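Comments concern the structure below.
In what follows, every heavy atom counts, from backbone to side chain, and hydrogens, waters and symmetry copies are set aside. The model shown is predicted, which means the values in this text are computed figures rather than measured ones.
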Amino acid sequence: MAELRLGPVLRYVDDDSATVWVETDGACEARVVCDDGTAAAAASWCVAGHHYALVVLTGLAPGRETGYTVELDGERVWPLPDSPYPPSTVRTRPSGGDGELCVAFGSCRWSAPASEGTDRIGPDALDTLARTYARGSGGRLPDLMLLLGDQVYADETSPATQRWLAARRDLDEPPWTQVADYEEYTRLYAESWLDPGIRWLLSCVPSYMVFDDHDVIDDWNTSQAWLEDIRRQSWWADRVTGGMMSYWVYQHLGNLSPRQLAEDPLYAAVRAAGDGTAELRRFAEGADRDRAGTRWSYRRDIGRVRIVVVDSRSARVLEEGKRAMLDDGEAAWLREQVLKDRDYDHLLVGTSLPWLLPHGIHAAESWDEALCAGVRGPRWARLGERLRRAADMEHWAAFRSSFDTLADLLGEVAGPREDGTPGPATVCVLAGDVHHGYAAQARRRDGAQHPSAGRVFQLTCSPVHNSVPAAMRLGFRVGWSWLGKGVGALLSRHGRLPRLPVAWRRLGGPWFGNQFMTLTVRDRAMHLRLHQVAGDTAGSAKLITPFESTLSGGSSGE
């Protein structure tokens, strides 16, 4: 009999359907049975010796919460015996999109067993959320989670994983203690998602995901020179192919609706093949070679909230002089998704990398890009490339044309609709990556912003479970200060940078520590909360709220 290896992971949920992902240790039929009598089953499919199923539940009652169990070939395998956590449930959205919506988001979750010394970076924020809820003191769980990158760390493995790697290959040979291929990626997901609290939380709260650099390698697609260098490494092809394959299986598929799954030709081919390894490998190799031909971005409309999650890693144009965070096709897709049918009250744009940075850091990244493009000659260009890699200068600010384009688009979206009625109350860019949190509000410099335009925010939150060196903490603090602004002005002048189209002010932060944010939306009102871990060990950890703010009230046009 097949056994449950990983999951269940609750992914897409709307008012009457849901998808549940599982990994098993053999071929089987996976069946999800709800307490209200709703049930569905799916045959497993295979990739590289691993077996998976994505069960699509339909006909669920809107606005209801129901418990569920998982069976493999008729034998119940979930919930686990003697679990300290409550039963797993599916909570559907009310029909018509009414009711409150709570969105949790964050990024950068490095995972390893606590016995491996992870307490040096403190308890995991999401694990603390699960433990708090299980103790009966956590209130209501979020309605969904946006995990904005670095779900796994392919280039920073735990001691336990390194011992596992050493049993299958020589760690003195490239890629050393980093993962090498698909099989080793499956180890990372198992290590991350088998944590009891995380496993239960993922079984109850719908999750939507997107990759960032560490899901493949640090500073992935920083520049054309970086890409040329990495492609000369003998181990890179297997690494990036394994990364793309595993991302499709473990993260991307669950972002899709039942209709999108039914229309996806690759998903159909993998399921029909029995062993879909060859089909998925061909796709992954093509996705790396021809980034413009693959779309990882997606959109969700939940009531009057629109969520657009954009791929700001693999869709980049890296050629100097033409650099762009998004290629033409991806940029056109983003514009269409946020402008089409603008009958929504809030827009959430998810991107793994912050659009607005601390002022001094933003100026430094744009200055560095100008140097690399040759604005001060070849010697400065060589220095710029070294600085770019050493200091991780590859956020939206380091793709200045894309930064300006996004600023213009968000300003347009925030304005009145075509019929003159107010547009969305808020436009929020959600991001992580930088291992701290902050909230900032933007405004147009040219005075063209309409009086009734919605408020535009940058909300950045990471890490869920990681750390940041003291020197970088100081750098982030200085970046927001008058000194950082002054240095930024000098760098902008030296780099001959054009005037920024927007200005922004910090509303809160920087905050350091393991954390996540929530946005609670009802009608045109939106409330932001920062949830941070207090305590040194998992047993003593609790969540505190060091910051909260009402980003928009309930009145039209506020």
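Between Phe547 and Trp511, the ring center distance clears the sub-6.0 Å criterion. Remark: aromatic rings of Tyr344 and His346 are distant, center separation not under 6.0 Å. Residues Trp504 and Trp355 place their aromatic rings such that the two centres sit no closer than 6.0 Å. Between His214 and Trp110, the distance separating the two ring centers is not shorter than 6.0 angstrom. Taking the six-membered ring for Trp and the full ring otherwise, Phe403 and His362 have centroids separated by under 6.0 Å.
With contacts defined as side-chain heavy-atom distances shorter than 4.5 Å, the pair Asp433/Ser462 does not qualify. Counting heavy atoms from C-beta on, the side chains of Val521 and Glu100 never come closer than 4.5 Å. A heavy-atom distance below 4.5 Å is found between the side chains of Asn514 and Pro463. Between Tyr438 and Gln458, the closest side-chain pair of non-hydrogen atoms falls below 4.5 Å. Using a 4.5 Å heavy-atom cutoff, the side chains of Phe457 and Val429 are not in contact. Using a 4.5 Å cut-off on side-chain heavy atoms (C-beta onward), Leu356 and Gln441 make no contact. Put simply, the side chain of Leu519 does not reach to within 4.5 Å of the side chain of His527, judged on heavy atoms.
Side chain to side chain, His531 and Thr518 meet the donor-acceptor criterion of an N or O pair below 3.5 Å. Residues Thr157 and Gln178 have side chains that never bring a donor and an acceptor to within less than 3.5 angstrom of each other. Side-chain polar atoms of Thr222 and Arg389 form no donor-acceptor pair below 3.5 angstrom. A donor-acceptor contact closer than 3.5 angstrom links the side chains of Ser312 and Ser352. For the residue pair Arg300/Tyr208, the side-chain donor-acceptor check at 3.5 Å is satisfied. Donor-acceptor pairing under 3.5 Å is recorded for the side chains of Ser314 and Asp311.
Identified under the side-chain hydrogen bond (donor to acceptor under 3.5 Å, both in side chains) test for residues 142-153, with sequence neighbours left out: Arg91-Asp143, Arg140-Asp143, Gln151-Gln251, Tyr153-Asn466.
A salt bridge (Lys or Arg N to Asp or Glu O under 4.0 Å) with Glu369 holds for exactly one of Arg400, Arg496, Arg323; it is Arg323.
Of the charged side-chain nitrogens involved, at least one lies within less than 4.0 Å of a carboxylate oxygen, so that Glu412 and Arg335 count as a salt-bridged pair. Salt bridge annotation for Arg524-Asp345: present, with a cationic side-chain nitrogen under 4.0 angstrom from a carboxylate oxygen. A salt bridge links Asp301 with Arg306: the distance from a Lys NZ or Arg NE/NH1/NH2 to an Asp or Glu carboxylate oxygen falls below 4.0 Å.
In the displayed structure, Asp408 atom CG is contacted under 6.0 Å by more than 12 heavy atoms of other residues, nucleotides or ligands.
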Problem set entry | CA sep, side-chain torsions, deciding dist, call: Arg455, Ser552, side chain to side chain donor-acceptor pair (under 3.5 Å) | CA-CA 8 Å; Arg455 297 170 177 174; Ser552 176; 5.4 Å; no
Exercise. Going through the distances and angles, do Glu320 and Arg388 end up as a salt bridge (charged side-chain N to carboxylate O under 4.0 Å, His left out)?
Worked result: CA-CA 13 Å; Glu320 295 296 345; Arg388 173 188 275 165; 2.9 Å; yes
Exercise. What's the verdict on salt bridge (charged side-chain N to carboxylate O under 4.0 Å, His left out) for Asp213 and Arg313, showing C-alpha distance, side-chain angles and the deciding distance?
Worked result: CA-CA 7 Å; Asp213 54 345; Arg313 274 293 168 188; 3.6 Å; yes
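The aromatic rings of Trp296 and Phe211 lie perpendicular to each other, with more than 60° between the two planes, well past the 30° mark. In this structure, His359 and Trp480 have perpendicular ring planes: the angle between them is above 60°, well past the 30° mark.
Gln515 contributes no side-chain N or O that, together with a main-chain N or O of Val533, makes up a donor-acceptor pair within less than 3.5 Å. Remark: side-chain polar atoms of Asp327 are not paired, donor with acceptor, to backbone N or O of Val317 under 3.5 angstrom. Counting only distance, with no hydrogens or angles, the side chain of Arg11 and the backbone of Trp21 share no donor-acceptor pair below 3.5 Å.
Separating the CG atom in Asn255 from the OH atom in Tyr12 is a distance of 11.0 Å, to the nearest 0.5 Å. Here the straight-line distance linking atom NE2 of His436 with atom CE of Met472 works out to 9.0 Å at 0.5 Å rounding. Between atom CG of residue Leu326 and atom CH2 of residue Trp396 there is a gap of 4.0 Å, rounded to the nearest 0.5 Å.
Across all non-hydrogen atoms, the minimal contact from Gly149 to Ser107 is O-CB, 3.4 Å.
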